Amino acid sequence: MPKQIHISQAIAATFVVLTVSAIAGLVTMIIMYQSELSTMNPTPPPTIPSTTTAPPPVMRLPKNLIPESYEVVLWPHLYTQITEVINVTSPNQTMLFTGNSTVNFHCVQRTSTIYLHSMDLNVSDAKVKDRDKNLNIAVTSMYYHEDQSDFLVVELNSALMAEGNYSLFLSFNGEISEALDGLYVSSYMEVLTVFICIYRFLAATNIEPTLARRVFPCFDEPEMKAVFYVTIIHRQHTVALGNADICKKKLIIKKTVIIHDGWEYTRFNPTPRMSTYLFAFTVSEDDFICALSTFFHDILIQTFARPEAIKAKHVDYAANITGKILTFYEKLFGIDYTQQKLDQIALPDLNPAAMENWGLITYQEGGLLYEEGVSSFLHKEVIATLIAHELAHQWFGNLVTMKWWNEIWLNEGFATYMSYFAVDHVEPSFNVKDTFVLSDLHTAFEEDALASSHPLNPPPQDIQTTFEIIEMFDPITYSKGAIVLRMLADVVDERVFNKGIRVSKNFSSHFGLAVTEDGGHTEVAKVMDTWTNQIGYPVITINTTNGEIYQKRFLFNDTSESRFVLNLWWEVPIRVMSNTTGTQLAWLRTPEIMDKFLSKHGGWILANVNCTGYYRVNYNPENWDALLTQLETNPHRIPLMNRGQLVDDAFNLARAKLLNVALALNSTRFLRSEKAYLPWESAVRNLKYFVLMFDRTEVYGPMQAYLREQVRELYGNMNFTGGFSGLGGKKSQTKTTQTNTIHPNLRSVIYCQAVAYGGKAEWEFAWKKYQSSSDISEKEQLRKALSCTKTIWLLNRYLEYTLDPEKIRLMDVASTINYISENVAGQALAWNFVRGHWEYVSQGDAAMVIEGVTSRFSTQFELEELERFATDYALGSATRAVYRAIEQTQVNIEWVGENKDVILEWFERQLSS
């Protein structure tokens with residue numbers, strides 16, 4: 001069905017249930033990934049520093065040594081299977097790994113000290129060799145730098161000479177992590193009898209951005225690329241996967257001194273020259289992991305998952321679209337995929353959702369497995385988009401890589417932007433372009449409207465520590481990055497943009513040439529700098545009565561601007577139309593007059609046509625009234641994306657006190673007869689803020705009633721089919737053997753309502769279903785539904801369950817806590833729980849947790865609690881999120897105080913009329 005005509009019945013039904021129950025969160029199509037880096041420039045050799053003997057920069061390695069290759073041997077001493085008595089003993093696992101590495105490097109400037117990274121490793125037996133002369137160089141000392149740099153320092157008794165080639169051998173050992181980072185263990189339990197179970201384990205890596213140093217000593221910075229020769233020692237009857245294809249696999253014979261019976265090794269072919277953060281391997285039982293193999297040209301694509309998932313064909317969808325997406329990217333980029341194989345593996349435990357390790361892409365099981373008839377339509381979109389994102393990184397990030405993490409937006413922004421086109425290519429029926437663009441636009445707008453935001457491309461000296469690097473993996477990097485690239489493509493023309501990305505030389509300078517050749521704008525780099533190097537974005541104000549147009553930074557709290565430079569300005573491309581003219585493109589740099597255009601229009605002006613620019617637009621009241629009248633009388637005169645954007649602009653301008661809140665609410669009246677998805681998505685997203693601010697006040701009742709009225713016509717046009725068996729009361733519990741006939745797109749919402757209006761019996765039934773289900777999609781929907789109960793003690797017990805990884809996996813802790821905090825009955829519980837268990841909770845996505853549990857904060861008491869939290873706790877990678885939450889709470893307090901009475905009066909007036 002065309003996206004501009006009708007919302008699907010399934011999604012419309014979701015709107016009905018959400019609004020009637022006042023759970024105003026809509027499942028939006030934002031795929032958040034924690035991945036890594038990259039620019040459009042192949043990484044050049046590091047620049048030569050001016051000094052050689054001084055200590056290195058605060059957190060950066062000196063550039064006098066350039067790694068060329070690593071020979072790495074790793075031996076995880078992990079048992080992959082342990083049989084135990086249930087509830088009596090816990091598995092006695094071996095968490096040790098040992099290994100050795102030889103890094104071959106080139107010296108570009110004389111030095112007698114080697115700096116590299118090592119973290120939580122016991123390192124010994126250092127040997128340095130002059131490869132040119134085949135001579136050993138004595139090591140006088142080896143020690144760790146006493147700061148946060150993770151520098152391992154190797155002092156030599158004679159200097160390494162410029163232009164010489166050397167090697168460093170090190171032995172090491174460390175602990176396999178239980179916190180999903182570095183080299184970590186993933187496990188699950190298989191029950192054999194009432195008394196006996198098998199614990200199954202696998203080892204995997206998750207080292208981006210700065211945890212390769214926890215697996216082996218290395219030059220752990222993105223520009224320091226090298227070739228990797230890897231050997232993994234593992235138990236017999238297990239399988240090792242790596243970045244490259246297998247070179248040799250054999251048993252280790254007894255006469256090998258340090259190896260015992262029962263072990264074998266897998267040696268891999270050399271990798272392409274790559275960054276350390278892309279290094280990856282897994283070790284698992286050979287009867288745990290199974291592959292569906294397909295071919296792309298002569299490249300073997302293997303999709304690995306548990307055998308039962310392969311047998312049930314849950315990997316078929318992912319396997320079938322992977323080759324199609326690779327074909328699309330090869331044609332778009334003009335460069336072939338460079339590896340000889342591509343493995344994709346669904347892991348029981350992984351945080352983030354996926355990681356683009358070159359040749360071995362890892363996924364959470366829910367990001368790769370799709371079950372027809374059980375998984376929702378949106379889940380299918382998530383899988384397609386996630387695969388498209390990670391495959392885009394095989395070029396943007398893996399093949400071409402940024403110098404430092406401050407430029408990560410080019411990697412993640414490009415992968416996000418390119419995934420729009422790849423998914424549209426393989427699944428045109430999804431109609432994803434407009435929905436993904438508007439979702440990313442609104443996500444970026446929300447994050448970037450606070451003074452605590454950051455530029456897309458901050459100065460490198462501002463991003464130094466590991467925590468600062470991790471904080472860069474946020475909506476600014478992903479969503480704003482994608483939207484700014486879309487704006488650039490619109491300005492220079494998509495054909496020219498695609499020509500630019502096919503050239504693997506300097507990105508910005510090539511765009512300048514490409515645009516000049518085609519007669520377009522000639523200062524692309526200058527234009528882009530105003531969007532990438534500056535914080536925030538502008539609001540463009542157009543006065544149609546006198547022709548004035550000007551820009552200023554958009555902030556929810558404009559008093560925050562006094563702490564920052566006030567003279568921010570942007571090169572703004574404005575596409576404008578009216579009710580009597582077509583679209584025109586103009587540039588706004590300083591306050592200007594639009595007399596020429598204004599003299600041609602007859603009724604209203606609409607700027608930022610199709611939302612191609614990253615800015616908000618405000619108008620004089622007369623133009624707003626004309627636009628809203630057009631929406632109510634004949635909305636199709638206004639482009640679909642702008643129907644959604646007008647709602648979003650109106651609500652957010654009201655939050656920033658640039659527009660009357662009653663006018664923003666008026667922008668929702670046309671929705672009574674709107675059947676397209678985008679305007680509804682925009683309205684629900686913005687009304688969710690109203691729900692969060694007022695669901696504990698008297699505003700909530702009239703607001704809920706108004707929403708019911710707005711969806712009445714949608715509801716009347718739909719026919720509901722399908723029953724509800726297997727959940728929701730004692731009667732349903734007697735039907736557990738029946739087939740679940742609820743449409744997959746509606747299950748999440750209906751499960752939630754069943755638990756919300758049930759009691760202990762319903763909750764316990766859903767929990768047992770969650771524990772026993774082997775279907776990933778079903779488990780996810782049940783895990784979310786369990787948070788919907790209104791019974792306080794059940795919510796509190798559910799929070800306690802997140803401390804037990806056998807009940808709630810560590811990778812799911814953050815989202816489970818956030819599900820509970822979305823429930824008005826659970827928000828305070830979740831906030832207290834997070835403070836009481838911060839050390840454990842913060843091992844997951846700490847920033848996500850903070851954003852979720854503070855989303856309702858709108859009182860002075862809550863602000864003071866949050867400020868105390870910022871002072872008393874070690875925030876780590878959640879530092880920026882906490883101070884963003886403080887600023888947002890300050891904004892909420894002021895906004896609620898000024899607007900509560902007006903909003904209550906508006907809803908009551910609508911109902912009475």
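Numbers for residues simply follow the sequence, beginning at 1. Keep in mind that what you see is a predicted model, and the values were worked out from it rather than measured.
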Kindly indicate, with the supporting measurements, whether the criterion salt bridge (Lys or Arg N to Asp or Glu O under 4.0 Å) is fulfilled by E221 and K63.
-> CA-CA 11 Å; E221 293 188 1; K63 300 302 187 292; 3.5 Å; yes
Verdict with supporting geometry, F228 and W358, ring pair (Phe, Tyr, Trp, His ring centres under 6.0 Å) | CA-CA 12 Å; F228 292 81; W358 211 346; over 10 Å; no
Given side-chain hydrogen bond (donor to acceptor under 3.5 Å, both in side chains), test D343 with Q302 step by step and report yes or no.
-> CA-CA 5 Å; D343 293 339; Q302 297 185 99; 3.3 Å; yes
Residues F151, H117; criterion ring pair (Phe, Tyr, Trp, His ring centres under 6.0 Å); working and verdict | CA-CA 5 Å; F151 287 158; H117 290 107; 5.4 Å; yes
Applying side chain to side chain contact (heavy atoms under 4.5 Å, CB included), run through N457 and W409 and close with a yes or a no.
-> CA-CA 7 Å; N457 189 34; W409 78 273; 3.8 Å; yes
Verify side-chain hydrogen bond (donor to acceptor under 3.5 Å, both in side chains) between E412 and H389, making sure each step is shown before the conclusion.
-> CA-CA 9 Å; E412 297 302 346; H389 185 99; 2.9 Å; yes
Hey, mind stepping through L168 and I114 against side chain to side chain contact (heavy atoms under 4.5 Å, CB included) and telling me if it holds?
-> CA-CA 9 Å; L168 168 64; I114 300 173; 4.3 Å; yes
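Considering every non-hydrogen atom in both Y144 and S118, the closest pair reads OH-OG, 2.8 Å. Closest heavy-atom contact between M142 and L152: CG-CD1, 3.7 Å. Contact detail for P209 and D220: the closest heavy-atom pair is O-OD1, 4.4 Å. Nearest approach of V882 to A870, heavy atoms of both residues: CG1-CB, 3.7 Å. L360 and G242 make their closest contact through CB-O, 3.6 Å (heavy atoms, listed as atom of the first residue, atom of the second, distance). The shortest non-hydrogen separation linking A885 to I850 is CB-CG2, 4.1 Å.
Put simply, the side chain of F201 does not reach to within 4.5 Å of the side chain of S186, judged on heavy atoms. Taking 4.5 Å as the limit, every side-chain heavy atom of T113 sits out of range of all side-chain heavy atoms of L156.
No donor-acceptor pair closer than 3.5 Å links the side chain of W405 to the backbone N or O of M472. At least one donor-acceptor pair closer than 3.5 Å links the side chain of R235 to the backbone N or O of L78. The closest donor-acceptor contact from the side chain of T205 to the backbone of F281 lies under 3.5 Å. Of the possible polar contacts, one joining the Y337 side chain to the K341 backbone as a donor-acceptor pair under 3.5 Å is found. Under a 3.5 Å cut-off, the side chain of S275 and the backbone N or O of Y277 do not form any donor-acceptor pair. H837 places no side-chain N or O within donor-acceptor distance of the main-chain N or O of Y840, the cut-off being under 3.5 Å.
With salt bridges taken as basic N to acidic carboxylate O contacts below 4.0 Å, none links R880 and E447. A salt bridge links R809 to D349: one of the charged nitrogens lies within less than 4.0 Å of a carboxylate oxygen. The pair R131-E68 meets the salt-bridge criterion, with a side-chain N (NZ, NE, NH1 or NH2) lying under 4.0 Å from an Asp/Glu carboxylate O. In summary, R200 and E285 engage in a salt bridge, as defined by a charged side-chain N under 4.0 Å from a carboxylate O.
Judged by a 6.0 Å distance limit and a 45° cone about the ring axis, R835 is not positioned over the six-membered ring of F869.
When each of N134, T102, N104 is tested with K129 by the rule side chain to side chain donor-acceptor pair (under 3.5 Å), just one qualifies, namely N134. Partner of F216 under the ring pair (Phe, Tyr, Trp, His ring centres under 6.0 Å) criterion, chosen from F169, F279, F172, W75: F279. Put simply, the residue from L456, I408, I535 that forms a side-chain contact (heavy atoms from CB on, under 4.5 Å) with I476 is L456. Of the candidates E223, M274, K225, T401 forms a side-chain contact (heavy atoms from CB on, under 4.5 Å) with just one, namely K225.
When only modelled atom types and interatomic distance are considered, K127 and N136 share no side-chain donor-acceptor pair under 3.5 Å. Neither side chain, T271 nor N243, offers a donor N or O lying under 3.5 Å from an acceptor on the other. In this structure, a donor-acceptor pair under 3.5 Å is absent between the side chains of Y363 and E390. Looking at D181 and N206, their side chains never bring a donor and an acceptor atom within 3.5 Å of each other. Between the side chains of H145 and D150, not a single donor N or O lies within less than 3.5 Å of an accepting N or O. With no hydrogens or angles considered, a side-chain donor-acceptor pair links T466 and T210 at under 3.5 Å.
If you take CG on D845 and CG on L810, they are separated by 11.0 Å, rounding to the nearest 0.5 Å. With values rounded to the nearest 0.5 angstrom, L116 atom CG is found 11.0 Å from T276 atom OG1. Here T477 contributes atom OG1 and N406 contributes atom CG; the two are 10.0 Å apart, rounded to the nearest 0.5 Å. In this structure, I463 CD1 and E407 CD are separated by 11.5 Å, a value rounded to the nearest 0.5 Å. Summarising the geometry, atom CD1 belonging to I137 is positioned 5.0 Å from atom OG belonging to S158; distances are rounded to the nearest 0.5 Å. Annotation: the span from H234 atom NE2 to S284 atom OG amounts to 10.0 Å, rounded to 0.5 Å.
Heavy-atom neighbours of E178 CD from other residues, nucleotides or ligands within 6.0 Å: at or below the threshold of 12. Shown here is Q340, whose CD atom has no more than 12 heavy atoms of other residues, nucleotides or ligands within 6.0 Å. Other residues, nucleotides and ligands contribute more than 12 heavy atoms inside 6.0 Å of the CD atom of E71. Summarising the local packing, CD of E851 is surrounded by 12 or fewer heavy atoms from other residues, nucleotides or ligands at distances under 6.0 Å.
Under the ring-ring contact (aromatic ring centres under 6.0 Å, His included) criterion, Y188 pairs with F288, not counting sequence neighbours.
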